[in-house]
Amino acid sequence: MENNTLISQELEEMRSQIGILKEKLEKQNIINGQHIRKSMKSNMSEINKTILGAIIGGAFALPYCTWFFCSQGLSPAFVISTAVMLATCLILTIMQRVKLNRLDFSQGNLMEVAKRIYEVKKHYQDWKWIAFPLITIWIAWLMYEMINRFGLEEPTTIGFCIGAIVGVIIGGFIGMKMNRKVIDKAGEILEQIEELQKGE
């Protein structure tokens, strides 16, 4: 009888300890989940800042380039094509920002968040396959326009072409760095979502 009582007490104590352990694990999971969501928000903030920088740059480049190329007397076809190209890039970037602004990291559906983040990541990964050929065609057309307008021997033409090449290299480096940052941060968020789902 005493043995049964002792076993019963030990079992009750074990149940109590298991209950306490479960409670601690649940609290730990909640804390870990909150920490991961906070980290996701931080990564999202970095993405938003990067995209906002691109929007500000595009909003400045569109009117300035249109005015400058017009003032240099370049062909209307080139000026309009450049304006359309810049406007398209600006609109697509704004669309990505709007898409990300709708995400809710605190209570939102993780599958929906992951889907949106993946779409943005893929957009920036695929963009280089459009951007590189487009920029190559554009810079060749710009040089043709300058040579056609001022002549090959003119110091203005040579200086402008060198400046344009340097500008494209610097701009391309900055653009690729921003692009890489968005891709990396989006990848981190997707990994964090996967980690959260494992803990649920």
Side-chain angles (χ1 to χ4, degrees), residues 40 42-103 105 111-149 157 159-194:
M40 285 164 61
S42 175
N43 283 329
M44 192 68 254
S45 177
E46 288 294 316
I47 290 174
N48 278 329
K49 283 177 188 173
T50 304
I51 293 176
L52 181 60
I55 290 169
I56 291 168
F60 169 78
L62 178 57
Y64 175 78
C65 290
T66 304
W67 166 80
F68 180 75
F69 294 139
C70 277
S71 71
Q72 296 301 308
L74 304 188
S75 72
F78 177 78
V79 175
I80 292 167
S81 297
T82 301
V84 168
M85 180 183 73
L86 291 172
T88 303
C89 292
L90 181 59
I91 290 165
L92 288 172
T93 306
I94 291 169
M95 284 170 64
Q96 296 307 313
R97 179 69 191 264
V98 169
K99 190 183 288 186
L100 291 174
N101 277 345
R102 293 175 182 164
L103 297 180
F105 284 93
M111 292 301 292
E112 183 63 28
V113 171
K115 183 185 172 187
R116 297 281 185 186
I117 294 292
Y118 177 76
E119 286 171 359
V120 170
K121 183 183 177 186
K122 191 171 187 314
H123 169 83
Y124 279 87
Q125 284 175 326
D126 293 345
W127 182 242
K128 61 177 177 281
W129 303 114
I130 300 166
F132 287 150
L134 201 61
I135 290 168
T136 303
I137 293 166
W138 181 82
I139 196 74
W141 191 2
L142 173 61
M143 289 183 179
Y144 169 78
E145 288 283 332
M146 290 301 294
I147 292 166
N148 191 48
R149 174 77 174 84
T157 305
F160 189 89
C161 288
I162 291 169
I165 291 168
V166 171
V168 165
I169 291 168
I170 293 170
F173 175 76
I174 293 168
M176 286 304 296
K177 194 174 177 184
M178 292 171 80
N179 191 283
R180 188 74 252 168
K181 188 174 182 180
V182 171
I183 292 168
D184 289 345
K185 292 294 177 184
E188 285 178 30
I189 291 172
L190 290 172
E191 286 173 10
Q192 288 163 337
I193 289 172
E194 191 178 340

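Below 30°, between 30° and 60°, or above 60°: for Trp141 and Phe78 the angle between ring planes is above 60°, a perpendicular geometry. In this structure, Tyr64 and Trp67 have tilted ring planes: the angle between them lies in the 30° to 60° band.
Rounded to the nearest 0.5 angstrom, Ile91 CD1 and Gln96 CD are separated by 13.0 Å. In this structure, the separation between OG1 on Thr93 and CD1 on Ile56 is 12.0 Å, given to the nearest 0.5 Å. Separating the CE atom in Met146 from the CZ atom in Phe69 is a distance of 9.0 Å, to the nearest 0.5 Å. Taking OG from Ser42 and CD1 from Ile189, the interatomic distance works out to 9.0 Å, rounded to the nearest 0.5 Å. Distance check: Ile117 CD1 to Ile193 CD1 gives 6.0 Å after rounding to the nearest 0.5 Å. The CD1 atom of Ile139 sits 12.0 Å away from the CG atom of Leu134 when rounded to the nearest 0.5 Å.
Using a 4.5 Å heavy-atom threshold, the side chains of Ile51 and Met178 count as separate. Asn48 places a side-chain heavy atom less than 4.5 Å from the side chain of Leu100.
In this structure a side-chain-to-backbone donor-acceptor pair under 3.5 Å is present from Ser71 to Phe68. With Glu145 contributing its side chain and Ser75 its backbone, the two residues share a donor-acceptor pair below 3.5 Å. Side-chain N or O atoms of Asn179 include one that pairs as donor or acceptor with a backbone N or O of Tyr124 at under 3.5 Å.
Scored by the salt bridge (charged side-chain N to carboxylate O under 4.0 Å, His left out) test, Lys99 finds Glu119 as partners (sequence neighbours excluded). The side-chain hydrogen bond (donor to acceptor under 3.5 Å, both in side chains) test applied to Asn148 returns no partner, not counting sequence neighbours.
Within a 6.0 Å radius of NZ in Lys122, no more than 12 heavy atoms belonging to other residues, nucleotides or ligands are found.
When all heavy atoms are compared, the tightest approach of Ala186 to Ile47 is N-CD1, 3.6 Å. Here the closest non-hydrogen pair linking Cys70 and Val79 is SG-CG1, 3.5 Å. Considering every non-hydrogen atom in both Leu62 and Ala83, the closest pair reads CD1-O, 3.4 Å. Closest non-hydrogen pair, Leu190 versus Ala114, comes out as CD2-O, 3.5 Å.
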Query - Trace of the side-chain contact (heavy atoms from CB on, under 4.5 Å) decision for Val120 with Val182 - result: CA-CA 8 Å; Val120 170; Val182 171; 4.2 Å; yes
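Val168 pairs with exactly one of Leu142, Thr136, Ile135 by the side chain to side chain contact (heavy atoms under 4.5 Å, CB included) rule, that one being Ile135.
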